[in-house]
Enquirer: 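One structure, as structure tokens, below. Some questions next.
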Amino acid sequence: MKQRPALDVGGLPLHGLGSASPTWWGTLAFMLIEGTGFALVIAVYLYLMSLAPAWPPEAPPPDLAAGTMVTALLLASVVPNLLLSRWAAAGDLRKVRFGVVLMTILSSAPLIVRAFEFAALNVSWDTNAYGSVVWLLLGLHTTHLLTDLVDTVVLAVLMFTRHARTSRRFGDVQDNALYWNFVVVTWLPIYVCIYWLARV
Amino acid sequence: MSARRLVSLVLAAASCAACSPIQSALDPQSPQAESLHELFWLFVVVCSVVWLAVMASLTLALLRNRSTASEATAAGSRTPALAVGAAVVATVLIVAGLTIASFLATRSLATDGGGLVIKLRGYQWWWEATYPAEGVVTANEIHLPVGRPVRMELSAADVIHSFWVPQLQGKLDLIPGRDNAVTITVTKEGVYRGQCAEFCGLQHAHMGLIVVAEPPAAFDAWARAQAAVAAAPTEPEAQAGAALFQAKACSSCHAIRGTAASAKVGPDLTHVASRRSIAADVLPATRGAFAAWIVDPQTIKPGANMPAIALEPAELRALSAYMTALK
Amino acid sequence: MNGTEGVRHPRGRDLPPEERERRLRRIWDPPRGILGALSVVDHKIIGRRYIATAFVFLALGGVLAALIRIQLATPEGRLLGPDVYNQVFTVHGANMMFLFAVPVMEAMGVYLVPLMIGTRNIAFPRLNAFSYWIYVAGGALLWIAFLLDFGPDVGWFGYVPLSGPQYGYGKRADIWAQMITFTELAALAVAVEIVVTVFKQRAPGMTLDRIPLFVWAMLVTSFLVIVAMPAIMIASSALILDRLVGTHFFNPAEGGDVLLFQHLFWFFGHPEVYIIFLPAVGMVSTMLSTFARRPVFGYLPLVMSLITIGVLSFGLWAHHMFTTGLPRVGESFFTASSMAIAVPAGVQIFCFIATLWLGRPVWRPPLLFVAAFVVTFTIGGLTGVMVASVPLDSQVHDTYFVVAHFHYVLVGGAVFPLMGAIYYWFPKMTGRMMSDRLGAWVAALVFVGFNLTFFPMHVLGLQGMPRRIYAYQPELPWGGLNLFVSLASIILFAGFLLFFVDVVRSAVRGAPAGDNPWNAPTLEWATTSPPPSYNFDGIPVVTSANPLWDDPETLPVATGLRVDRRELLVTSVQRAEPEARESSAGASIWPFLAAVATTVMLIGSIFSPWAVVWGSLPIAVALVGWFWPKGAPEDEA
Amino acid sequence: MEEQRLDRSGRVLAAALAGLALSACEREERVMRRDPPVVAALDEAALLPGGVGGAEPLAHVALGKPYETNAYEIAQGKRLYAAMNCAGCHGDGSGGVGPSLIDGWWAYGADLPSLYATIRDGRPRGMPPYRQKLPPDSIWQLAGYVQTLASYSAKTAAPGRDDAPQTRPAENRAPATQAPLEPPAR
């Protein structure tokens with residue numbers, strides 16, 4: 001077909017940020033997938049709970065200390081995370097470098113406490129279905145903590161290389177911050193399930 | 001198209017008439033199956049009318065402007081929009097009607113349990129039936145009194161099975177860890193066949209169940225006979241068989257009430273010869289079939305849990321004589 | 001900093017067309033050699049591979065269907081024993097659902113969506129490559145296992161406890177569960193790509209009401225995949241955990257529940273049907289408009305019905321569980337919602353007929369398949385209304401009636417449109433036409449063969465023949481119809497065989513197609529057949545829903561994209577206004593390596609939970625390699 | 001050069017596939033019916049005097065030792081363990097009236113022929129003989145299963161756990177992590 005120039009896009013930026021970036025939407029889509037997964041496992045938890053004559057069956061409810069501490073650490077990490085996102089949007093490389101290093105530390109901390117959470121469940125995964133589902137919930141969320149930590153570490157290293165100074169990289173930092181918020185937000189209903197529904 | 005559909009239905013009717021309708025939803029014999037059957041034909045008629053209407057409009061649409069011309073016609077008129085709207089409204093009404101009919105049918109199926117309770121338990125790949133009040137334990141063949149509601153309590157011993165006797169009632173699953181119950185009232189005497197309807201492993205295909213509906217008096221007689229312990233055999237050959245049954249592997253799995261054999265692994269054989277068939281309605285309950293089944297079950301039902309037992313010919317004759325004597 | 005000004009990059013509009021084409025080819029053409037073939041990220045090449053692979057699985061699944069029909073032609077058939085038969089019907093079902101139907105529909109989307117919306121590559125092209133390799137690995141896992149007498153034998157639905165630790169002996173059920181993980185991973189990846197591609201990469205001016213219906217259908221389908229597939233991944237993972245590390249999700253003795261598996265399975269399993277069916281509706285809408293020579297009637301109602309079906313499909317899952325003894329209230333809800341879905345499906349059929357009514361039908365093969373679709377699918381839809389009724393379902397559930405019903409829906413509703421779509425888009429994909437004459441024969445044979453094969457199965461089911469039985473006794477009255485069905489299936493197989501013959505013949509010797517052989521209105525026909533590696537020289541600018549009918553001679557285009565890096569246009573979600581010139585990732589071997597690492601981990605985890613731990617390390621390495629910037633122009637902006 | 005390399009990698013691949021095929025067949029094959037002479041031959045274990053230790057029947061070796069390596073046979077053994085009421089004395093394997101089967105301490109030998117002989121012929125102090133109660137192939141299934149209970153090295157095939165209340169970690173978490181216990185005091 002013959003072509004007739006009707007529009008010149010030469011003046012557009014080479015990379016969009018936020019909702020103009022396909023990666024941002026991709027992150028959102030993956031969050032939808034994983035959010036559905038979390039919701040379904042929580043549904044499994046509630047379903048098994050509705051069938052059980054006693055909940056938790058034959059075990060004391062999980063000890064609160066470790067889980068609550070993880071919750072506190074996660075919530076506390078949201079503030080620097082939002083700051084980091086704002087610095088990335090502004091393209092301030094110095095602050096972003098500081099931020100990703102800080103977030104590396106802040107996202108490894110809950111992971112360390114998480115190790116004690118498994119012990120605090122007071123039940124093994126192969127004791128009964130209750131044990132299976134709390135281990136699954138906790139394991140699934142731990143996987144997300146772990147993958148996001150690896151992602152943050154890689155990004156932190158990248159920010160100290162010659163590839164750092166591009167708007168694409170700042171977009172990556174923003175997407176990673178968005179994902180961390182997601183990991184924190186999904187923890188809250190899981191925390192309520194594991195620690196508080198077992199006490200009502 | 002409609003002709004083909006008609007032919008198939010006629011074909012179905014013909015094949016039902018030709019042979020004995022032993023396991024067909026098209027030949028209901030209980031009020032429950034009857035109401036399902038009526039509902040089925042209501043749906044068939046409504047759906048056929050809908051389908052014919054769609055086909056007619058499709059044919060007309062295709063033939064109306066038959067052309068190879070490549071120009072697009074002018075934008076649509078109001079007629080098709082109205083027609084589509086009317087069709088949608090009709091669909092909504094039809095769907096609503098069918099839904100209501102289906103709810104009504106469901107309600108008509110709900111009956112109170114009668115006096116008779118049968119516990120039916122599914123095993124890979126046979127059925128165990130217990131009549132708690134009558135003290136009867138049997139397998140693969142249940143008897144019901146005509147005209148009396150019967151509550152079937154369903155449970156599974158291993159995997160999921162499904163209880164389905166199409167002429168009497170829709171199916172209901174037997175699920176490990178869950179109890180289900182269904183009520184049947186048979187109105188006509190007869191012998192009906194059912195089959196496991198949920199895939200349950202190697203011999204899912206051969207998990208038949210015979211239902212015998214008989215007058216209350218005959219049923220009571222049957223129940224009394226089944227509740228009794230097995231009579232000691234009188235013939236010498238059968239007596240030899242009885243001894244073999246205790247000595248050989250048979251007694252490791254099967255029970256014959258009144259003897260030392262009381263294992264619950266396989267079907268209860270106390271009155272096995274009184275049943276119409278053995279091995280979950282795979283073979284008739286004849287002496288030859290007993291012998292064939294004992295000597296080589298894995299050829300008849302590969303994967304079944306009955307092992308082949310090495311027997312001398314005389315031993316086999318004796319055992320099959322004993323089985324045949326267990327009336 | 002974001003490079004809009006500063007260095008002058010070469011722009012396409014400044015160059016003569018030949019030079020522009022040469023430069024575009026240099027950056028967009030796939031690399032050569034074996035390594036190059038493993039590194040390809042072009043959505044057309046991956047889409048073609050995907051489609052071809054899916055059709056290979058269709059043929060393999062067809063062979064299994066033939067075995068089933070030979071086995072059941074006579075009572076107590078002796079061709080297959082129960083063990084082999086159970087593997088055969090399980091692999092047939094799992095193969096057709098997970099390795100053919102869903103992948104082929106997504107593959108059509110992978111190939112067509114970027115072309116139909118006027119962009120140069122799919123979003124996340126490397127993820128696309130990864131998805132394909134994972135899909136191939138999952139298919140190979142199932143089929144190699146089957147050929148080694150290792151195939152799953154628990155049904156495509158894998159109900160516990162039959163598939164659980166106690167009764168699913170050996171590793172067969174694990175193969176089934178892990179094959180699911182593979183295919184769902186692949187499907188989820190494609191769904192994400194399609195959603196983002198449709199949201200962000202539409203040609204300027206392609207507002208929501210100008211999106212081609214096939215693209216709408218793929219968008220809704222992708223959302224269904226995103227929300228439905230996690231359910232089956234949780235079900236299959238919980239099953240593997242039960243079998244491998246002793247969890248008790250489905251063990252009633254320790255607080256688990258066997259019906260939990262069914263709930264999870266069908267929460268995915270019912271939308272699954274629409275994941276297969278909706279793209280077919282999109283294909284029919286597209287072909288119909290071309291061959292009725294008018295825009296499809298009722299664009300808005302069709303879009304609404306696609307979305308309605310998508311939403312409703314999540315309220316239907318329990319209608320596969322009507323015989324498990326659910327509470328009455330639940331059953332009523334699911335009956336009502338299952339029947340309600342007939343309304344949007346009806347809207348679609350009525351709009352299609354109205355389109356034909358208003359148009360001037362041109363009798364080419366795709367239209368024949370569309371007609372076959374309407375006739376056949378309507379029967380499947382109506383029997384669907386029957387199985388939606390709890391009392392009726394209690395009679396026909398798990399019988400051959402249901403076998404007939406879902407083959408009417410899936411073959412009539414999806415495979416017929418798909419075959420039509422192959423006839424329709426084959427010229428675009430290969431540059432060659434398929435045969436009209438053979439096409440008519442294929443349509444006739446498949447249509448007649450299908451109906452003769454599957455219609456009698458309704459009757460068989462009503463006569464009491466359950467599904468999934470490897471043999472039936474001669475006393476049962478099913479012999480005649482089964483023999484008839486088996487004989488009729490020969491016609492069906494002949495039709496499919498002829499279809500494959502026509503595909504191969506046309507690929508080699510078909511008549512050259514030209515850019516737009518059907519005089520179709522959508523953007524994929526605005527470029528050459530087959531399209532160049534960069535799809536469009538100038539990105540089309542859209543002003544109506546049927547751009548090529550407005551002006552078949554000239555295409556308004558956007559200019560100004562660079563020719564020294566893979567660049568495409570990002571537009572706003574609603575109004576498709578240009579927002580940025582985004583780079584598109586180049587060829588890379590890392591997605592392939594990541595897929596290999598993932599495969600090793602997933603297969604290893606059938607045998608030991610530690611495979612997950614150690615297998616994750618190579619995956620992490622591969623992913624870092626994948627995303628680490630290599631200094632290519634696409635990496636920087 | 002290229003071709004040669006392809007050729008070699010092709011051969012490696014073929015060998016790997018063949019190995020996989022063999023192990024898969026061994027592990028997953030389901031033989032539901034064995035010919036009566038084969039079953040009879042399975043009874044011919046050449047035991048040492050005293051019925052402890054000895055050679056397996058040649059038939060078992062010729063079949064590829066299915067009762068040790070085949071998932072289906074081992075699972076059948078597990079079914080028989082329940083059906084024959086082995087649990088009546090041995091509990092879930094951890095012992096009861098009879099000795100424990102999971103502590104790795106075997107009074108009469110842990111090898112398959114000895115286990116076979118133990119089940120077939122019985123042992124002093126309470127173990128009844130099953131010679132008349134089960135055909136030889138069923139006894140082999142049972143012996144193969146019982147052997148997995150105390151297995152401290154991973155086998156090619158293991159039985160699945162029961163869908164029943166769990167009294168100890170399931171077999172499918174084998175191999176057990178603890179070392180064999182000291183023999184019980186007599």
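Letters go in sequence order (proteins before strands), and every chain restarts at 1.
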Enquirer: Select, from C:Asp515, C:Leu260, C:Val225, C:Thr527, the one with the greatest count of heavy-atom pairs under 4.5 Å involving chain A.
Expert: C:Leu260

Enquirer: Count the heavy-atom pairs under 4.5 Å between each of A:Leu140, A:Thr161, A:Val133 and chain C, then report the option with the highest count.
Expert: A:Val133

Enquirer: Determine whether more than 12 heavy atoms belonging to other residues, nucleotides or ligands lie under 6.0 Å from atom CZ of A:Phe160.
Expert: yes

Enquirer: Could you have a look at C:Ala580, C:Ser572, C:Ser616 and say which one has the most heavy-atom pairs with chain A under 4.5 angstrom?
Expert: C:Ala580

Enquirer: Using a cut-off of under 4.5 Å on heavy-atom pairs, state which of A:Val157, A:Thr147, A:Leu32, A:Leu158 scores highest against chain C.
Expert: A:Leu158

Enquirer: Between the main-chain N or O of C:Asn519 and the side-chain N or O of C:Trp549, is there a donor-acceptor pair closer than 3.5 Å?
Expert: yes

Enquirer: With a 4.5 Å heavy-atom cut-off (strictly below), which parts of residues 622-629 of chain C touch chain A? List them by number.
Expert: C:Val624, C:Trp628, C:Pro629

Enquirer: Start with the C-alpha gap between C:Glu553 and A:Arg4, add the side-chain angles, then the distance that decides, and say whether salt bridge (Lys or Arg N to Asp or Glu O under 4.0 Å) holds.
Expert: CA-CA 10 Å; C:Glu553 299 305 320; A:Arg4 175 171 60 78; over 6 Å; no

Enquirer: Show me the pairs that pass ring pair (Phe, Tyr, Trp, His ring centres under 6.0 Å) and involve residues 234-259 of chain C, at least two apart or across chains.
Expert: C:Phe250-C:Phe261

Enquirer: Is it true that the side chains of C:Thr247 and C:Asp242 contain a donor and an acceptor less than 3.5 Å apart?
Expert: yes

Enquirer: Please state whether the rings of A:His144 and A:His141 are parallel, tilted or perpendicular, taking 30° and 60° as the class boundaries.
Expert: parallel

Enquirer: Chain C: which of A:Gly131, A:Ser21, A:Gly171, A:Ser19 shares the most heavy-atom pairs with it under 4.5 Å?
Expert: A:Ser19

Enquirer: Quick check on the structure: residues of residues 37-61 of chain A within a heavy-atom distance below 4.5 Å of chain C, by number.
Expert: A:Gly37, A:Leu40, A:Val41, A:Val44, A:Tyr47, A:Leu48, A:Leu51

Enquirer: Just say parallel, tilted or perpendicular for the rings of C:Trp317 and C:Phe267, cut-offs at 30° and 60°.
Expert: perpendicular

Enquirer: For the candidates C:Val196, C:Thr559, C:Val570, which exhibits the highest count of non-hydrogen atom pairs separated by less than 4.5 Å from chain A?
Expert: C:Thr559

Enquirer: Donor-acceptor pair, distance only, cut-off 3.5 Å: does the side chain of C:Ser583 make one with the backbone of C:Glu634?
Expert: yes

Enquirer: Count the heavy-atom pairs under 4.5 Å between each of C:Met233, C:Gln201, C:Glu254 and chain A, then report the option with the highest count.
Expert: C:Glu254

Enquirer: Of the listed residues (A:Ala29, A:Pro22, A:Gly16), which shares the most heavy-atom pairs with chain C below a 4.5 Å separation?
Expert: A:Pro22

Enquirer: Which one, A:Leu28, A:Thr23, A:Thr127, leads in non-hydrogen pairs under 4.5 Å with chain C?
Expert: A:Thr127

Enquirer: Using a cut-off of under 4.5 Å for heavy-atom pairs, which of C:Pro540, C:Ala238, C:Pro578 has the most such pairs with chain A?
Expert: C:Pro578

Enquirer: When the side chains of residues 148-155 of chain A are checked against the rest of the protein, which donor-acceptor pairs come out under 3.5 Å, sequence neighbours left out?
Expert:
| from | atom 1 | to | atom 2 | distance (Å) |
| --- | --- | --- | --- | --- |
| A:Thr152 | OG1 | A:Asp148 | O | 2.6 |
| A:Thr152 | OG1 | A:Asn176 | ND2 | 3.2 |

